[in-house]
Amino acid sequence: MALPEDRQKAYQAAENTCFVGAVKSVLGKEVSSLEDYARQLSAAYDERAAKELDGSANLVKLGSAFATCLKVTAAKPTDLAERGVKAFVDERTEVARKQGMRAPVKAARLIPSLTPDQARPYLKKEIKAALDDLACGKDFYAAYSPVAWKLQQKVYAEFGMPFAW
């Protein structure tokens, strides 16, 4: 990052060319960039999750009970598992936008600037939601999490990733 702009662009172009070649050579996958690689990885996981997680009768049944307990519209198991995180990231981004923050071109998430007193109501709301999620979702997560983790590990291995986080 300390290189002058023209040399930084040249470095990034060379790095991208090397990465694309390595992915083709080692994994046999056609990608055009690191971003394309990440999109393909995410799409591969989403496709498998739609079949193996959202298509599981047991997870759908447990998800329905989970949604009823939370008093939310029943959703696919993958949506239920990400519901809390998505809601609070979306809320955080909306607060930042109301503060006048604008996302860089490739960024979809923003972090607002809040004082502790301004942040406290959001923290209380998030803690309550997390506790409700844990209480209502204990059976769902016990069944969903191990299957989702194994699936994520399998897809990440296909893309040469050492682990899923």
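We count residues from 1, following the sequence as given.
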Problem set entry | Check: F159 and V31 side chains under 4.5 Å, non-hydrogen atoms | no
Exercise. Is it the case that one hydrophobic cluster holds both Y156 and V26, taking links as side-chain heavy atoms less than 4.5 Å apart, direct or via other members?
Worked result: yes
Exercise. How about F19: does its CZ atom have over 12 heavy atoms from other parts shown lying under 6.0 Å from it?
Worked result: yes
For this session: Evaluate the side-chain proximity of Q99 to L114: yes if any heavy-atom separation is below 4.5 Å, no if none is.
Result: yes
Exercise. Is there a chain of hydrophobic side chains (I, L, V, M, F, W, Y, each step under 4.5 Å between heavy atoms) that links V147 to L62?
Worked result: yes
Exercise. Does V85 belong to the same Ile/Leu/Val/Met/Phe/Trp/Tyr cluster as L70, with side-chain heavy atoms less than 4.5 Å apart forming each link?
Worked result: no
Exercise. When you measure from the side chain of E126 to the backbone N and O of G84, does any donor-acceptor pair fall under 3.5 Å?
Worked result: no
Exercise. If you look at every heavy atom in F88 and K125, which pair is closest and at what distance?
Worked result: CZ-O, 4.0 Å
For this session: Output the distance between atom CG (L131) and atom CD1 (I127), rounded to the nearest 0.5 Å.
Result: 7.5 Å
Problem set entry | Partner set under salt bridge (Lys or Arg N to Asp or Glu O under 4.0 Å) for R92, not counting sequence neighbours | none
Exercise. Crowded around K29 NZ? As in, over 12 foreign heavy atoms under 6.0 Å?
Worked result: yes
Exercise. What pairs of residues pass the salt bridge (charged side-chain N to carboxylate O under 4.0 Å, His left out) test when at least one of them lies in residues 144-154, not counting sequence neighbours?
Worked result: none
Exercise. Would R83 and D133 pass as an ion pair if we require N to O under 4.0 Å?
Worked result: yes
Exercise. Looking at NZ of K138 and SG of C69, how far apart are the two atoms once the value is rounded to the nearest 0.5 Å?
Worked result: 8.5 Å
Exercise. Would a distance-only check, ignoring hydrogens and angles, find a side-chain to backbone donor-acceptor pair under 3.5 Å from S64 to V60?
Worked result: no
Problem set entry | Side-chain (Y144) to main-chain (G63) donor-acceptor, under 3.5 angstrom | no
Exercise. Are V20 and M161 grouped together when hydrophobic residues (ILVMFWY) are joined by side-chain heavy atoms under 4.5 angstrom apart?
Worked result: yes
Problem set entry | Shortest non-hydrogen separation from V155 to A44 and the atoms involved | CG1-CB, 4.0 Å
Problem set entry | Side-chain (S145) to main-chain (Y141) donor-acceptor, under 3.5 angstrom | yes
For this session: Work out which heavy atom in A143 is nearest to a heavy atom in P146; give both atom names and the distance.
Result: O-CD, 3.7 Å
For this session: Would you give the length of the straight line joining atom CG of L59 to atom NZ of K76, rounded to the nearest 0.5 angstrom?
Result: 13.5 Å
Problem set entry | Donor + acceptor pair across side chains of Q12, N16 (<3.5 Å) | no
For this session: Mind checking the CD-CD spacing from E47 to E52? Nearest 0.5 Å is all I need.
Result: 10.5 Å
Seminar exercise, completed: Closest non-hydrogen contact found for E30 with D36 is O-OD2, 4.1 Å
Exercise. Distance-only, no hydrogens or angles: does the D132 side chain make a donor-acceptor pair with backbone N or O of G137 under 3.5 Å?
Worked result: no
Exercise. Does atom CD1 of I111 have more than 12 heavy-atom neighbours, drawn from other residues, nucleotides or ligands, at distances under 6.0 Å?
Worked result: no
For this session: Compare every heavy atom of L53 with every heavy atom of P77, then report the nearest pair and how far apart it is.
Result: CG-O, 3.7 Å
For this session: Can you measure from CG (L151) to CZ (R48) and round to the nearest 0.5 angstrom?
Result: 6.5 Å
Problem set entry | Under 3.5 Å donor-acceptor, D54 side chain and T78 backbone | yes
For this session: Measure the CZ-CG distance between F140 and L80 for me, rounded to the nearest 0.5 Å.
Result: 5.0 Å
Problem set entry | Backbone N/O of A13 and side chain of T17: donor-acceptor pair under 3.5 Å | yes
Exercise. Can a salt bridge be assigned to the pair K9 and D6 using a cut-off of 4.0 Å between side-chain N and carboxylate O?
Worked result: no
Problem set entry | Closest approach of V95 to P112 (non-hydrogen atoms, all atoms of both residues) | CG1-CB, 3.7 Å
